[in-house]
There are 2 protein chains.
Amino acid sequence: MMARVGRREEILAIACRLFSQKGYHGTTIRDISEACGILSGSLYAHINTKEDLLFEITDRGAEAFLGSLEPIVKSGKTASQKLREAVKAHMHVIEANLEAATVFFHEWKALTGDRYEQIRKKRDSYERLWAAILEEGIKSGEFKQLDEKLARLLVLSVANWTYQWYRPGGKLKADEVADRFVEMILIGFQA
Amino acid sequence: MMARVGRREEILAIACRLFSQKGYHGTTIRDISEACGILSGSLYAHINTKEDLLFEITDRGAEAFLGSLEPIVKSGKTASQKLREAVKAHMHVIEANLEAATVFFHEWKALTGDRYEQIRKKRDSYERLWAAILEEGIKSGEFKQLDEKLARLLVLSVANWTYQWYRPGGKLKADEVADRFVEMILIGFQA
DNA sequence: GATAAAAACAAACAAGCGCTTGTTTTTGAG
DNA sequence: CTCAAAAACAAGCGCTTGTTTGTTTTTATC
């Protein structure tokens, strides 16, 4: 016999949903197992520890964000184009997996030891990719002579806050939101 | 004899610090009492429940943000001036009480029942104050014909993400950050 | 220095926590 | 139908959780 490959994914998805709703520390192993329709002990045929679940969810989230941004930064487009596509890519990752994105942004600090460090490093890498886009735009004269750090913080604030309000299936489509955000960032509010 | 008025405040400050560091569910009553230098049971001479602590911290946070923004919205200044002062006021609240702001933004969802609703309403009120500034600027023609909702989300993203990176005493002064953020928002990145 | 409020201790409570163990049931390929 | 792997159960481990209770110590005031 073979293990149903889907079972573990199912558990991850359920844990992801609960972590995003009630937080990691606010979710118990019994919450997860109950939502799976099994007893709490039975979960441990599929996982080693509760923190494994959190790590796997956040790590996949980190990889999704990194993997979507890397090709854009490496492309030969202009900084404005890269910025636009970066925001779009970021929104698409959130759209495709809002719950995992929420856990990634909101719960990753509950990780301990080496796993905390691993995710922290991936977050840093992600920020550096954004920094590269802004540095390029500032250096080439395409953007104003902005303080790169503050410009990056502004863009990242917009990107990183998205999980708090964006709801797939709502009126606002991810691509449209991204386009308008980038437009506002590029040309400003002032008439 | 009279109760030392400072004792309860001390406990609140310690709980605030721990909640901001480890989260509400990640902090135990024994963590708090130990940091206070007393036994866990002794805490209950000063508080009724653990959630009381969270509520008092988040409610004070909400009031601080609301109280700082209200007079600005009501003032007779231009929308741009209001926007500038609003961002400054927001940053000042965070600067003056980073830990409480962190708990307010990050842990308020751990509240239950009526208290959850109370804080949610205050958060809504706060967003509506920001909306008023943007609506005014758009209506008067001072700002471009922006989608008000998306413009508000952009500004709120920048404001609400601040607690994640701003550190009082660092190189960046709150007023300076606010000025540069507003400048970028008003006139955009494009050269 | 007596007094009473305030603050702390000492000890424990019921409930819930993450997780382990040994056993039984379900499953699907041969 | 057989049989072994996989998945679930049943029971409970040691520990921690938020909180309560009754008692003692500290504190400021008269």
Side-chain angles (χ1 to χ4, degrees), chain A residues 1-59 103 107-116, chain B residues 1-59 103 107-116:
Chain A
M1 239 216 77
M2 281 197 315
R4 267 158 70 200
V5 288
R7 195 58 175 137
R8 192 160 199 281
E9 290 303 314
E10 212 178 313
I11 291 167
L12 272 168
I14 286 168
C16 187
R17 196 188 77 228
L18 291 171
F19 289 168
S20 78
Q21 285 170 353
K22 322 202 297 173
Y24 175 71
H25 288 302
T27 304
T28 71
I29 283 290
R30 283 168 181 84
D31 288 336
I32 298 168
S33 64
E34 195 179 326
C36 291
I38 58 176
L39 295 184
S40 64
S42 308
L43 258 189
Y44 287 84
H46 307 278
I47 64 167
N48 289 320
T49 67
K50 185 188 173 191
E51 193 174 330
D52 281 3
L53 288 169
L54 179 61
F55 178 73
E56 196 149 337
I57 292 163
T58 52
D59 193 55
V103 176
E107 302 298 327
W108 74 279
K109 284 193 174 175
L111 289 166
T112 61
D114 182 54
R115 288 167 148 176
Y116 176 92
Chain B
M1 239 216 79
M2 282 197 316
R4 267 159 69 200
V5 287
R7 196 56 174 141
R8 193 160 198 280
E9 290 302 314
E10 212 178 312
I11 291 167
L12 272 169
I14 286 167
C16 187
R17 195 188 77 230
L18 291 171
F19 289 169
S20 78
Q21 286 169 353
K22 321 204 297 173
Y24 174 71
H25 288 302
T27 303
T28 70
I29 282 290
R30 282 167 182 82
D31 289 336
I32 299 168
S33 63
E34 195 179 326
C36 290
I38 57 177
L39 296 183
S40 65
S42 309
L43 259 188
Y44 288 84
H46 306 279
I47 64 168
N48 288 321
T49 68
K50 185 188 173 191
E51 194 175 329
D52 281 3
L53 288 169
L54 179 61
F55 178 72
E56 196 149 337
I57 292 163
T58 51
D59 192 54
V103 176
E107 302 297 328
W108 74 278
K109 284 193 176 176
L111 289 167
T112 61
D114 182 52
R115 289 167 147 177
Y116 176 91

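Numbers restart at 1 for each chain; the letters A, B, ... are given by sequence-line order, proteins then strands.
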Handout entry: Under-4.0 Å side-chain N/O to phosphate OP1/OP2 contact, A/His46 with D/dA8
Key = yes
Problem - Length of the line joining A/Phe19:CZ and C/dG18:C1', which is rounded to integer Å - result: 12 Å
Exercise for the section: Taking atom CD of B/Glu34 as the centre, report whether more than 12 heavy atoms of other residues, nucleotides or ligands fall under 6.0 Å from it. Expected result: no
Exercise for the section: For A/Leu39 and C/dT21, give me the distance from atom CG to atom P, rounded to whole Å. Expected result: 18 Å
Fill in the blank from the handout: Of C/dA7, D/dC9, D/dT20, the nucleotide closest to the side chain of A/Ser42 is D/dC9
Exercise for the section: Describe the nucleic acid contact of A/Thr27 in one word from base, sugar-phosphate, nothing, applying a heavy-atom distance below 4.0 Å. Expected result: sugar-phosphate
Practice task
Check the angle between the aromatic planes of A/Tyr116 and A/Trp108 and answer parallel, tilted or perpendicular using the 30° and 60° thresholds.
Solution key: parallel
Completion exercise
Between A/Gly41 and A/Thr28, the residue closer to the 5' end of DNA chain C by nearest nucleotide is A/Thr28
Practice task
Write down the distance between CD1 (B/Ile38) and C1' (C/dA11), rounded to a whole number of angstrom.
Solution key: 16 Å
Practice task
Provide, to the nearest angstrom, the distance between the CD1 atom belonging to B/Ile47 and the P atom belonging to C/dA7.
Solution key: 14 Å
Handout entry: Distance in angstrom units between A/Leu43 CG and C/dC17 C1', rounded
Key = 14 Å
Exercise for the section: Starting at atom CG of B/Asp31, determine the distance to atom P of D/dT19, rounded to an integer number of angstrom. Expected result: 14 Å
Problem - A/Arg17 bridged to A/Asp31 by N-O distance under 4.0 Å - result: no
Exercise for the section: Spell out yes or no: do the side chain of A/Ser40 and the base of C/dC19 have one donor N/O and one acceptor N/O closer than 3.5 Å? Expected result: yes
Exercise for the section: Give a yes/no answer on whether the side chain of A/Tyr44 brings an N or O atom under 4.0 Å of OP1 or OP2 in C/dC19. Expected result: yes
Exercise for the section: Figure out the CZ/P separation between B/Arg7 and D/dT27, and round it to whole Å. Expected result: 11 Å
Handout entry: Passing option when A/Arg115 is tested against A/Asp59, A/Thr58, A/Asp52 for side chain to side chain donor-acceptor pair (under 3.5 Å)
Key = A/Asp52
Handout entry: B/Lys50 NZ/CZ over B/Tyr24 ring centroid, <6.0 Å and within 45° of normal
Key = yes
Exercise for the section: Check whether the side chain of B/Arg30 and the base of D/dG18 form a donor-acceptor pair under 3.5 Å. Expected result: yes
Exercise for the section: Whole angstrom is fine here: how far is it from CD1 in B/Ile11 over to C1' in C/dA8? Expected result: 11 Å
